[in-house]
Amino acid sequence: MDERTVDLERRLGQLRGRIDRAVAAAGRDDTPALIVVTKFHPAADVLRLTALGVRDVGENRDQEARATAAEVTESTRAAEAAEAGGGTGPVAPEWHFIGQLQSNKAKYVVRYASVVHSVDRGSLVDALSSAMTREQDRRQRTGIPARGDLDCLIQVDLDERAAPDRPQGIGARGGAAPEDVLDLAERIDAAEGLTLRGLMAVAPLGLDPAPAFARLRELSAAVVHRHPEATWISAGMSQDLEQAIAAGATHLRIGTDVLGPRPEVG
Ligand SMILES: *Cc1c(COP(=O)(O)O)cnc(C)c1O
């Protein structure tokens, strides 16, 4: 094991302990899924993480994600070929796309991502749906193994401040207005190639995350009432995972706490 892998293993262990304590404090008997956000970190770190048992990684920019995913796939294949015939080879991770997404990038994202957490408008639903059905066709024509639908989460904007009053933060954040969530859920549910899984949010910068996540939980209940399968709540980052777990998060997106500081905030 190289030094970086040892470091990542130690940090992962500490994070898992932190998550377990938050789960116990919240009186929950289920542990949320962990998505390690690898943005700005190299493919080598993703490979180290998968070797340590991480199965889900998150990225927020298509161009970087596409390159990293291609590199990881190639290394995983090469390692598989080298091990052919025996042992448990390396396993490629599931890619979660968590950043703001332009519709014209949908066709790239559906090639590597299993989940998009940041669906926030009808035009993006349409773009992802047509990109996904084309991707499914392409796989059939070219003999690439078929894949299931794209899992989609609606990103909700929980910041009630008017736009000019908001501090600039992670990716200017994005997200659908809470009052648009049910219509968007309907649209995803009706779209070919997409499966509605639930909601995602980022806590508003500079505000107490607890009431924001409580609002997210209420919105989730309204969605689940109409779409009983759409139970995922993707919330909680390095700074606020305890509050997210207390509010019922099913998926945590953690970057810094595992990988250390990023060169810049995206
Ligand atoms: C970067 C990012 C994260 C991870 O944030 P950390 O503070 O590094 O844990 C989670 N969600 C989104 C949408 C992000 O952009």
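We use all heavy atoms of the structure for the numbers below, so side chains are in, but hydrogens, waters and symmetry mates are not. Counting starts at 1 for both ligands and their atoms, in listed order.
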Where ligand 1 meets Ile254 - atom numbers and elements under 4.0 angstrom, heavy-atom basis: 9 (O)
Per-atom contacts, ligand 1 versus Ile98 - under 4.0 Å to a heavy atom: 11 (N), 12 (C), 13 (C), 14 (C)
For Arg61 and Gln100, indicate whether the former's side chain and the latter's backbone hold a donor-acceptor pair under 3.5 Å. no
Under 3.5 Å between any N/O of Arg253 and any N/O of ligand 1: does that happen in this structure? yes
Taking both backbone and side-chain atoms of Gly255, is any N or O found less than 3.5 Å from an N or O belonging to ligand 1? yes
Got a sec, which residues hit salt bridge (Lys or Arg N to Asp or Glu O under 4.0 Å) with Asp30, two or more places apart in sequence or on another chain? Arg28
Donor-acceptor pair, distance only, cut-off 3.5 Å: does the side chain of Ser129 make one with the backbone of Glu192? yes
Any side-chain heavy atom of Val72 within less than 4.5 Å of one from Tyr112? no
Ligand-side contact atoms (ligand 1) for residue partner Thr256, heavy atom cut-off under 4.0 Å: 6 (P), 7 (O), 8 (O), 9 (O)
For ligand 1, the portion of Lys39 having any non-hydrogen atom under 4.0 Å away: side chain
For Trp95, enumerate each residue passing the ring-ring contact (aromatic ring centres under 6.0 Å, His included) test, keeping only those at least two apart in sequence or located in another chain. none
